[in-house]
Number of protein chains: 2
Amino acid sequence: MITSFTEENYLKSIYHLSPDEGTAVNTNAIAESLNTKAASVTDMLKKLADKEFINYIKYQGVTLTPLGRERALNIIRKHRLWEVFLVEKLNFKWDEVHDLAEELEHIHSDLLINRLDEFLEFPKTDPHGDPIPDKNGKFNVPELIPISKLKNETLGIISGVREHSPLFLKYLEKTGLVLGQEITIKEQIEFDGSFIISIKENDIMISREVAKNLLIAI
Amino acid sequence: MITSFTEENYLKSIYHLSPDEGTAVNTNAIAESLNTKAASVTDMLKKLADKEFINYIKYQGVTLTPLGRERALNIIRKHRLWEVFLVEKLNFKWDEVHDLAEELEHIHSDLLINRLDEFLEFPKTDPHGDPIPDKNGKFNVPELIPISKLKNETLGIISGVREHSPLFLKYLEKTGLVLGQEITIKEQIEFDGSFIISIKENDIMISREVAKNLLIAI
DNA sequence: AATAATTTTTAGATTAATCTAAAAATATAA
DNA sequence: TTATATTTTTAGATTAATCTAAAAATTATT
Ligand SMILES: [Mn+2]
Ligand SMILES: [Mn+2]
Ligand SMILES: [Mn+2]
Ligand SMILES: [Mn+2]
């Protein structure tokens, strides 16, 4: 079953909005994430249900069928592999690749994407630390914890981000908070929830907002 | 001015159908090349004229404006660079890349395509021998002559094809008639217009149809 | 449990790209 | 140069994706 650009964006959105397999995603949440209106979402949900990509019960929200989940993961795989390509081979910065990958992920060719995967030597994560599903849709989610939930003196490695906006990513880059960097939590300031962390022998301060969005492997 | 997938295909088609800058392209020719109907073409021509990509006079056919030509060349540049990428980096065969490039050529990013150009070390021709316009739309057309127009004992190098169908390209590959191969014209059979050519010390026969579509640099 | 607030769906339009069938213009031929 | 054939354009529909406004269903609050 072929899928349009638009249908694929809906499937991806539903996947990203699913906390876990069973729980349903709301019409409004989809509308917001796709910058569209609830009425448009309802129309598309009917269509996706007809094509058996989602389970849809009026007024009850939707879940992905196994077929829908497979398709969503295939698009996410493409998105993340293209991001790796752009960063590794074409020297893009990690804050520059998302919008381009949003276009490239809709190129329809399994052969292309599998060859790209091979060319990139089967990367396990994308430039933002997100896992890349393999050709069978399998991937393992590493256990990452936001700095905001870590205790003092914890030592860990920056391994992912929760927020992908160029503004945030550029800030991290500038501050040296890049993937793979080792850090130690020094202290949390009770007043505003900010943190002092040590990085390369230096102590720096990061806001609570940043601490919530920076993921650490311990 | 942004252009849709569809508009871009029309611009590219008009460019390819223009024998030279001045002469107009017919509605029917465009319809045939895009596998659509004349009525649809007329609708689109009005739209492209509004956007100042073409000069359109009712019943008189169309020509590209400088703006339209620039846009067409940009899409052709992208098409051919992606073809090079697929062949050189992802090990695709020359008969496998066209349809994929038809999709990839519509990815909107000058930065991406210029970086890709650099990554590929600024190739001058695509896997079929067609010239790749540079970022300013400049390219030189090498003087290529079909075998069917060559005299006996001419020595030359296979440098392009006039026909891009996978069937034709696969046949050439199998027969050793690949780009860069040196050949000598031995004899034309008057009866059916076929040719005998020498390639790597062997004499082989090719039909008139093949001879018309294989381009040689002498 | 009744009322109010929120969410979701329907009804009815709009826009881009397409189509068929018919009309109009141009080109060709008697 | 009139008649015929061909090409091109218009008229009117259709389909996918979207929208606004209003109705219906669900959820939350008195
Ligand atoms: Mn991304
Ligand atoms: Mn990413
Ligand atoms: Mn091609
Ligand atoms: Mn080519």
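Proteins get letters first, then strands, A, B, ... in listed order; numbering begins at 1 in each. Every value quoted in this text rests on a predicted model; they were computed, and no experiment measured them.
Applying the side-chain hydrogen bond (donor to acceptor under 3.5 Å, both in side chains) criterion to B/Asn213, with sequence neighbours excluded, gives no partner residue. With sequence neighbours left out, B/Asp99 forms a side chain to side chain contact (heavy atoms under 4.5 Å, CB included) with no residue at all.
Between the CG atom of A/Leu48 and the P atom of D/dT18 there is a distance of 11 Å, rounded to whole Å. The CD-C1' distance, from B/Glu7 to C/dT18, rounds to 14 Å in whole Å. Whole-Å rounding puts the A/Lys37 NZ to D/dC19 C1' distance at 7 Å. Between the CD1 atom of A/Ile30 and the C1' atom of D/dT18 there is a distance of 16 Å, given to the nearest Å.
Near DNA chain D, defined here as any heavy-atom distance below 4.0 Å, there are no residues from residues 99-108 of chain A.
For B/His98 and B/His128, the ring centers are positioned 6.0 Å apart or more. For B/Tyr10 and B/Phe5, the distance between ring centers is not under 6.0 angstrom.
Note that the CG atom of B/Asp110 and the CG atom of B/Asp117 stand 11.5 Å from one another [nearest 0.5 Å].
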Self-check item: B/S/- contact track for nucleotides 9-16 of chain D, protein heavy atom under 4.0 Å
Solution: BB-----S
Please table the atom pairs, donor to acceptor, closer than 3.5 Å between any side-chain atom in residues 134-151 of chain A and protein atoms at least two apart or in another chain.
| unit_1 | atom_1 | unit_2 | atom_2 | d |
| --- | --- | --- | --- | --- |
| A/Asp134 | OD1 | A/Asn136 | N | 2.7 |
| A/Asp134 | OD1 | A/Gly137 | N | 3.1 |
| A/Asp134 | OD1 | A/Lys138 | N | 3.0 |

Extract all donor-acceptor atom pairs below 3.5 Å that involve side chains of residues 62-73 of chain A and protein atoms in other chains or at least two apart in sequence.
| unit_1 | atom_1 | unit_2 | atom_2 | d |
| --- | --- | --- | --- | --- |
| A/Thr63 | OG1 | A/Asn55 | OD1 | 3.0 |
| A/Thr65 | OG1 | A/Glu52 | O | 2.8 |
| A/Thr65 | OG1 | A/Phe53 | O | 3.1 |
| A/Thr65 | OG1 | A/Leu67 | N | 3.4 |
| A/Thr65 | OG1 | A/Gly68 | N | 3.0 |
| A/Arg69 | NE | A/Glu21 | OE2 | 3.3 |
| A/Arg69 | NH1 | A/Glu21 | OE2 | 3.3 |
| A/Arg71 | NH1 | A/Met1 | O | 3.0 |
| A/Arg71 | NH1 | A/Thr3 | OG1 | 2.9 |
| A/Arg71 | NH2 | A/Met1 | O | 3.0 |

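The residue among B/Ala29 and A/Thr36 whose nearest nucleotide of DNA chain D lies closer to the 5′ end is B/Ala29.
Among the atoms of the strands shown, only primed sugar atoms or phosphate atoms (P, OP1, OP2) are found under 4.0 Å from some heavy atom of A/Tyr10.
At the phosphate of D/dT8, OP1 or OP2 sits under 4.0 Å from a side-chain N or O atom of B/Asn26. Taking side-chain N and O atoms only, A/Asn28 has no distance below 4.0 Å to OP1 or OP2 of C/dT6.
Ionic pairing of B/Glu7 and B/Lys51 is present here: one or more N-O contacts between side-chain nitrogen and carboxylate oxygen are shorter than 4.0 angstrom.
A cation-pi contact links A/Lys89 to A/Phe119, judged by a cut-off of 6.0 Å to the six-membered ring centre and 45° from its axis.
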